[in-house]
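We count residues from 1, following the sequence as given.
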Amino acid sequence: MTHPYIPNAEPRVRAEMLAAVGASSVEEFYADIPAELRLDRPLDLPAPFTAERDLVRHMKGLFARTVDTEEALSFLGHGCYPHHVPAVCDEVNSRSEFLTAYAGEPYEDHGRFQALFEYVSMMGELLEMDVVNVPTYDGFQASGTALRMACRYTKRSKVLVTGAIGADKLSKLRDFLAPDITIELAPVAEDGQIGEVALNDSYAAIYLETPNVYGVVETRGRELADLAHAAGALLVVSADPISLGVLAPPASYGADIVCGDIQSLGIHQNYGGGHAGYIATQDHEPLVAEFPSRLFGIAPTKVPGEYGFGDVFYDRTSFALREEGKEWVGTAAALWGITAGVYLALMGPQGMKELGETVLARTRYAMDALARSVTVRHGGSVHFREFAIEVPDSAALLAGLRERGIYGGVPLDERTVLVCVTERHTIEDIDRLAAAVQEVVQA
């Protein structure tokens, strides 16, 4: 059907576009999407509204159905976390000179280059790394890009990925690395950490997460780094930066590339949005050359004694190389980098340490409290922010908790629920959860 406002909907134009890319139909572009996930009918949309007030009423009705995780008692995590957002984060990121997803250009920068430079500088200090990129879209993309960097650097096409990884993230990695990079999964040991692995010279990297999908803090980092390096591979570690006030940064035990999501650094859950990814390495030029994303630095200007902020090693990027770039990269998460920079500046080293200690302590308190009525998985390991419990019926437990005004966690399978505890949860909140879980289980 020809659309009056979409030129490429015209059949002749569409046919020319398909011929140019060598496709017989638009359906070929969706071949990787499983049939059961594809919508084979028109969208179920209401009839058009003829008046603005009718549309406003309709939208308000939809918004009223939403339950904010700050209104309800929520223990939902699994990649999007209910951390406290200081008011100054919202105050700064709503300023007109920053309020765009774009990273900025010299002709309309208004301080964004400097703000992002401050962000990457503080992240570098936290991570004990020299080079940190301007944020990617999210932590999933950061992990995929980090693994592609490792493959380009080593000129190999196979990676060993921890089995203690979320299903959604693994799915994203498979999509991002297909079709030229093979993923093999490492086993998960009884303590919830990565199990015994073997490596040869066909692997580009070992990929580790800490804390992992079960909230378990991995402790075999140095061993895995040595194993990877002996095989000529890299160790890529995904770490949540909010944990690094109390946990050793991956660089300290030999990680070559560190990546992750920065949503925990002063960014609201935003109904599942508000994500941005970071990638970090040491200042090793062959590896830095594999960054596809923008890097901001400081350099002298034409004016003696004056310095400015801007792109570093720009000719790596698809901005400079266009279709010849190693990966395409956009700038749709720059605002969250500025927000995270505000958060890190506000917290400082001592604040990050106190925050991490609080999350560790409350996580353990919640594990002990829930262990009185359910089985806590991997209870002997150190957990940060999340832990898994085993119950007779995940759906029934969560439904019973919702009836009591509690969102108790995220189901990992029919008998496993992932519970998230942060500094926002008081001891009273945790006790209320534990009592409610006991009630539902007994019922």
Side-chain angles (χ1 to χ4, degrees), residues 77 81-93 98 111 114-135 139 142 208-211 215 217-219 221-222 225 237-268 274-283 295-298 309 335-365 382-386 420-425:
Y81 300 105
H83 287 285
H84 173 64
V85 176
V88 67
C89 292
D90 293 335
E91 181 68 24
V92 172
N93 70 22
F98 295 140
Q114 181 175 355
L116 286 164
F117 173 78
E118 301 293 352
Y119 155 72
V120 298
S121 299
M122 286 182 283
M123 283 291 288
E125 183 177 355
L126 184 67
L127 296 162
E128 295 184 5
M129 285 289 196
D130 300 320
V131 181
V132 181
N133 67 328
V134 174
L208 183 68
E209 296 201 337
T210 182
V217 175
E218 297 276 359
T219 60
R222 172 55 65 184
V237 178
S238 175
D240 194 317
I242 205 166
S243 70
L244 300 182
V246 287
L247 301 181
S252 69
Y253 48 81
D256 302 284
I257 307 177
V258 186
C259 56
D261 203 296
I262 60 172
Q263 181 269 326
S264 58
L265 301 179
I267 302 170
H268 296 281
H275 287 268
Y278 76 87
I279 306 170
T281 70
Q282 301 295 1
D283 190 11
L295 303 173
F296 279 3
I298 186 170
F309 304 89
L335 182 65
W336 298 136
I338 294 172
T339 305
V342 173
Y343 183 90
L344 291 171
L346 176 68
M347 296 294 287
Q350 184 62 28
M352 294 296 287
K353 177 176 181 292
E354 293 175 359
L355 171 64
E357 290 173 343
T358 299
V359 174
L360 278 174
R362 293 190 182 174
T363 303
R364 177 53 61 177
Y365 181 88
V382 176
H383 287 67
F384 185 89
R385 189 175 53 199
E386 291 181 289
C420 172
V421 178
T422 73
E423 76 284 1
R424 261 176 43 182
H425 296 100

query: Just by distance, do the side chain of Thr339 and the backbone of Asn93 share a donor-acceptor pair under 3.5 Å?
result: no
- request: Measure the shortest side-chain to side-chain distance between Tyr343 and Ile262 over non-hydrogen atoms and say whether it is less than 4.5 angstrom.
  value: no
task: List for me each residue that meets ring-ring contact (aromatic ring centres under 6.0 Å, His included) alongside His83, sequence neighbours excluded, and say none if there are none.
output: none
query: Can you tell if the side chain of Val382 reaches within under 4.5 Å of the side chain of Leu360, non-hydrogen atoms only?
result: yes
- request: Return yes if some donor-acceptor pair links the side-chain N/O of Arg362 with the main-chain N/O of Arg385 below 3.5 Å, else return no.
  value: no
message: Would the distance check show the side chain of Glu357 and the main-chain N or O of Val246 forming a donor-acceptor pair, the cut-off being under 3.5 Å?
response: no
message: Are Pro135 and Trp336 packed together at the side-chain level, in the sense that at least one heavy-atom pair is separated by less than 4.5 angstrom?
response: no
- prompt: What are the two closest non-hydrogen atoms of Glu386 and Gly77, and how far apart are they?
  reply: OE2-C, 3.7 Å
- line: The residue among Val258, Val134, Val120 that forms side chain to side chain contact (heavy atoms under 4.5 Å, CB included) with Tyr278 is Val258
query: Hey, does Tyr81 have a side-chain heavy atom less than 4.5 Å from the side chain of Asp240?
result: yes
message: If you define the side chain from C-beta out and look only at heavy atoms, does anything of Leu335 sit under 4.5 Å from Phe98?
response: yes
message: Taking Ile279's backbone N and O only, do any of them form a donor-acceptor pair with Asn133's side chain (distance below 3.5 Å, no angle check)?
response: yes
query: Heavy-atom distance under 4.5 Å between the side chains of Leu265 and Ile242, does that happen here?
result: yes
- request: Could you list the residues that satisfy ring-ring contact (aromatic ring centres under 6.0 Å, His included) with Phe309, not counting sequence neighbours?
  value: Phe117
task: Measure the shortest side-chain to side-chain distance between His268 and Cys89 over non-hydrogen atoms and say whether it is less than 4.5 angstrom.
output: no
query: With a 4.5 Å limit on heavy-atom distance, are the side chains of Met352 and Leu344 in contact?
result: yes
